[in-house]
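Okay, so here's the structure we're looking at.
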Amino acid sequence: MSKVGIPKGMRDFSPEVMAKRNYIFDTIKRTFQLYGFEQIETPAMENRETLTGKYGEEGDRLIFSVLNSGDYLKKVEDVSLKNRNLENITPLVSEKALRYDLTVPFARYVVQHQNEITFPFKRFQIQPVWRADRPQKGRYREFYQCDADIIGSDSLLNEVELIKIFDEVLTNLGMQDFSIKMNNRKVLSGIAEVIGRPEKIVDITIAIDKLEKIGRDKVNEELLQKGLTNKEIEQIQPLFELKGDNKEVLQRLRNYLQNSEVGLEGIVEIEKILEVIGFWSLNKAKVEVDVTLARGLDYYTGAIFEVVSNEVKMGSICGGGRYADLTGIFGLPNLSGVGISFGADRIYDVMEELKLFPTKLSQGTQLFFVNFGHKEEAYVLPLLQKAREKGIRAEIYPEAAKMKKQMKYADQKNIPYVVVVGEEEMKSGRLSFKNMQSGEQEKVNFNELIERIS
RNA sequence: GUGGUUGUAGCUCAGCUGGUUAGAGCGCCUGAUUGUGGUUCAGGAGGUCGUCGGUUCGAAACCGAUCUUCCACCCCA
């Protein structure tokens, strides 16, 4: 076993894997562009303070900090080192951090470039993000997010367009059965309000979010542990029975939230979104109103989305939601945004499990020239150039190795056609042209050869 | 951050309650075929058993630490 390796939770991607990954990225990118989004990129690192405090306490722990260059202990007093007061020391030894998601860097970008941006601004961004989490199934320390956000518009039409993008991308990737779960932060606020503990909104929603996973009893247990009274827990119970079709769920929810202004507002938003989706047709997506869905509570203020495959057991493969004031923390208030994120790596795992990748993804070499040496190169290299000019992916073996070795190379790279040009072929102009799949070989001139391939 | 799990040849793995030169299949290299791959045949290379330390006459095997893998929790794409 060699000593080389890569950090925990991070991966290499070999050519076959990259072909599949690019298939996903290309599909997502094409759809984003089709809906009018423009691409940006931001640096792998942000200033640490740009990121900290944006993802909750848990999130801060998962941010990879980058050690300062040079004498990074310069600013640290010996006393604080001895006391191991990490909270104070970290900012002194690390001023940069790897981005944790694409949304916060995007908010920073918008604030920084506000004078160049025409609002509403529709951008997309496909880049890796890093989290210092323990790796496990569907969870990596480095993974790609593919985000599309609209910032500077309150309209719910944006939410609808994003739902449509979920549908279009995942359908195009071949998924047959997936659910776009939708909730609204205002509904969650309403629930906390109705049971009289608005300050407990986060604890309540995080607990009921686990309903499907751990069951009702455990959820209630957790609620009790978080300091809710039995009476309050009793009031939450009707929410666990809110299953069924969206209309029915909303009807009962409206009844439940009748005394909460904000809660009713959330319901109206959900209804509006559902109504407008109705103007379009969805392919394979099922839109489900789910009051137990609680995501990104640290910044979402309106709609909350999460997409799960119903065919494979995996965490959520996409997420998203509306944040009324994300740029406010960077000094640009009153800009409302809504965005979604595709988790490309999880989508990959789902597609792999469902065998959804097309077999013909490879953009490998189509035509291979055997190399016999300097004299032959003089004859063959111009032909190679011509083939490439015709758009044929072609290559020549870089040295005059044994033919067996060259053929083997072509075989292992799955190159479908091989040209052999030696003395005989140079004299006659009839090239030996071999079909590697059938094993057949014939003599053709160069133009015929090009026609055979294209 | 908590709990569990894994590590033997390039890959997938075997290796008995500790016993001498650690195995298989696949892959790789060479030749049969000095201008023909994928099939066949013959031969060959390749491992300080994750790392460090301990127990023992003796450790791949037992113990400890550490790293890595995978899984669950927390949280999340």
Side-chain angles (χ1 to χ4, degrees), chain A residues 1-11 14 24 28 55-63 86 99-103 126-147 166 202 205-207 209-210 213-214 218 222 293-298 305-309 313-321 339-350 368-373 376 397 400-426 431-441:
Chain A
M1 189 66 66
S2 55
K3 286 175 198 126
V4 296
I6 51 178
K8 191 209 292 241
M10 305 195 176
R11 300 162 298 161
S14 298
I24 294 174
I28 291 171
Y55 309 103
E57 210 174 304
E58 196 65 26
D60 275 5
R61 208 191 72 210
L62 300 177
I63 294 172
L86 299 182
R99 76 166 95 77
Y100 175 91
D101 73 355
L102 299 179
T103 307
I126 298 176
Q127 289 190 275
V129 302
W130 294 269
R131 296 185 187 178
D133 215 342
R134 284 261 179 105
Q136 55 178 284
K137 181 172 186 181
R139 176 174 297 186
Y140 308 100
R141 288 186 144 185
E142 178 182 52
F143 61 97
Y144 271 73
Q145 287 192 334
C146 312
D147 276 29
F166 277 145
V202 171
T205 51
I206 283 182
D209 183 49
K210 294 176 188 163
K213 200 167 175 183
I214 63 177
K218 297 250 178 187
E222 183 164 331
L293 171 63
R295 287 292 122 136
L297 289 171
D298 283 293
F305 304 115
E306 174 175 289
V307 182
V308 294
S309 165
K313 194 178 166 238
M314 177 81 63
S316 53
I317 53 178
C318 308
I340 55 173
S341 179
F342 288 82
D345 302 77
R346 282 192 181 172
I347 290 172
Y348 182 101
D349 291 346
V350 168
F368 177 81
F369 286 84
V370 171
N371 188 335
F372 277 137
E376 288 82 357
Y397 202 79
K402 282 187 185 163
M403 184 142 168
K404 181 175 172 139
K405 188 167 183 182
Q406 301 193 36
M407 292 300 286
K408 192 161 189 170
Y409 172 86
D411 182 46
Q412 298 207 314
K413 273 190 84 169
N414 255 316
I415 299 173
Y417 299 105
V418 170
V419 196
V420 181
V421 181
E423 243 173 83
E424 198 187 313
E425 286 86 353
M426 291 197 291
L431 315 179
S432 294
F433 179 58
K434 178 160 182 170
N435 179 323
M436 291 294 276
Q437 204 173 358
S438 66
E440 283 165 23
Q441 186 166 318

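Proteins get letters first, then strands, A, B, ... in listed order; numbering begins at 1 in each. Note that this is a predicted model, so its numbers are computed, not measured.
Figure legend: cation-pi geometry between R11(A) and Y140(A), with NZ or CZ positioned under 6.0 Å from the six-membered ring centre and within 45° of its axis. With Y100(A) as the aromatic partner, R131(A) meets the cation-pi criteria of under 6.0 angstrom to the ring centre and within 45 degrees of the ring axis.
Taking 4.0 angstrom as the limit, Q145(A) places none of its side-chain polar atoms (N or O) nearer than this to OP1 or OP2 of C76(B). For K408(A), no side-chain nitrogen or oxygen approaches OP1 or OP2 of G27(B) to under 4.0 Å. Residue K8(A) places at least one side-chain N or O under 4.0 Å from the OP1 or OP2 atom of U68(B). The phosphate of C73(B) has OP1 or OP2 within less than 4.0 Å of a side-chain N or O from K213(A). Contact annotation: K413(A) does not reach the phosphate of G37(B) (side-chain N/O to OP1 or OP2, under 4.0 Å).
Side-chain N/O atoms of R139(A) and base N/O atoms of C75(B) include a donor-acceptor pair closer than 3.5 Å. Evaluation of atom-type donor-acceptor distances gives a pair under 3.5 Å for the side chain of E425(A) against the base of G35(B). Within 3.5 Å, a donor on the side chain of D411(A) pairs with an acceptor on the base of G37(B), or the reverse. Donor-acceptor pairing under 3.5 Å, judged by distance alone, is present between the side chain of R346(A) and the base of C76(B). The base of U36(B) lies close enough to the side chain of K434(A) for a donor and an acceptor atom to sit less than 3.5 Å apart. No hydrogens or angles were tested; on distance alone, nothing pairs the side chain of Q406(A) with the base of U36(B) as donor and acceptor under 3.5 Å.
In summary, R139(A) and D133(A) engage in a salt bridge, as defined by a charged side-chain N under 4.0 Å from a carboxylate O. Here K210(A) pairs with E222(A) in a salt bridge; the nearest charged N to carboxylate O distance falls below 4.0 Å.
Counting all heavy atoms, side chain and backbone alike, G138(A) lies closest to M314(A) at CA-SD, 3.9 Å.
The same atom, C1', is picked in U5(B) and in A59(B); the two are 23 Å apart, to the nearest Å. Taking the C1' atom of each, G44(B) and C52(B) are spaced 35 Å apart, rounded to whole Å. Comparing the P positions of U66(B) and C26(B) gives an interatomic distance of 41 Å, to the nearest angstrom. Across the P atoms, A24(B) and G43(B) are found 14 Å apart, a figure rounded to whole Å. Taking atom P on both nucleotides, G50(B) is separated from U69(B) by 16 Å, rounded to a whole Å. Only the C1' atoms considered, C71(B) is 11 Å distant from U6(B), to the nearest whole Å. A distance of about 15 Å separates the P atoms of G4(B) and C63(B), rounded to the whole Å. C57(B) and U20(B) have their C1' atoms separated by 13 Å, with the value rounded to a whole Å.
A straight line from CG of N414(A) to P of G37(B) spans 17 Å, rounded to a whole angstrom. For the pair Y144(A) OH and C76(B) C1', the computed distance is 20 Å after rounding to whole Å. Taking atom CD on E222(A) and atom C1' on C75(B), their separation rounds to 12 Å, with Å as the unit. In this entry the distance linking CZ of F305(A) with P of C76(B) reads 18 Å, nearest Å. Spacing between atom CD of E306(A) and atom P of A77(B) amounts to 8 Å, rounded to whole angstrom units. Atom-to-atom, CG of D133(A) to P of C76(B) comes out at 10 Å; the value is rounded to the nearest Å. The interatomic distance linking F372(A) (CZ) with G35(B) (P) rounds to 7 Å, in whole Å. Rounding to whole angstrom units, CD of residue Q437(A) and P of G37(B) are separated by 17 Å.
Side-chain proximity of E58(A) to the nucleotides U36(B), C75(B), G37(B) is greatest for C75(B). You'll find that the side chain of Q136(A) is closest to C71(B), out of G35(B), G37(B), C71(B).
For RNA chain B, the stems formed by at least three consecutive Watson-Crick or G-U pairs, with both atom-pair distances below 3.5 Å, span B:1-4 with B:70-73, B:10-13 with B:23-26, B:28-32 with B:40-44, B:50-54 with B:62-66.
Within the 4.0 angstrom heavy-atom criterion, only backbone atoms of the sugar-phosphate kind lie near G9(A); the bases stay farther away. Within the 4.0 angstrom heavy-atom criterion, base atoms lie near G138(A). Base contact: G439(A) has a heavy atom under 4.0 Å from a base atom. Looking at heavy-atom distances under 4.0 Å, I206(A) makes contact with sugar-phosphate atoms alone, never a base. Backbone-only engagement by K210(A) is indicated by non-hydrogen atom pairs under 4.0 Å involving sugar-phosphate atoms exclusively. In this structure, S341(A) reaches neither bases nor backbone, as no heavy-atom distance under 4.0 Å exists between it and the strands shown. At a threshold of 4.0 angstrom between heavy atoms, the contacts of Y140(A) include nucleobase atoms, whether or not backbone atoms are also involved.
Taking CD from Q437(A) and CD1 from I415(A), the interatomic distance works out to 14.0 Å, rounded to the nearest 0.5 Å. The distance from the CZ atom of F369(A) to the CD atom of E376(A) is 13.5 Å, given to the nearest 0.5 Å.
In Q136(A), the CD atom is crowded: over 12 heavy atoms of neighbouring residues, nucleotides or ligands sit closer than 6.0 Å. Within 6.0 Å of NZ on K413(A) lie more than 12 heavy atoms contributed by other residues, nucleotides or ligands.
Taking for each of P135(A) and M407(A) the nucleotide of RNA chain B with the nearest heavy atom, the 5'-most of the two is the partner of M407(A). Taking the nucleotide of RNA chain B with the nearest heavy atom to each of E423(A) and K405(A), the more 5' of the two is matched to K405(A).
Stacking annotation: F143(A) is stacked on the base of A77(B) (ring centroids less than 5.5 angstrom apart, interplanar angle below 30 degrees).
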Run the ring-ring contact (aromatic ring centres under 6.0 Å, His included) test on Y144(A) and F342(A) for me, step by step, so that the C-alpha distance in whole Å, both residues' side-chain angles and the decisive distance to 0.1 Å come before the verdict. CA-CA 8 Å; Y144(A) 271 73; F342(A) 288 82; over 10 Å; no

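Counting heavy atoms from C-beta on, the side chains of V421(A) and V370(A) never come closer than 4.5 Å.
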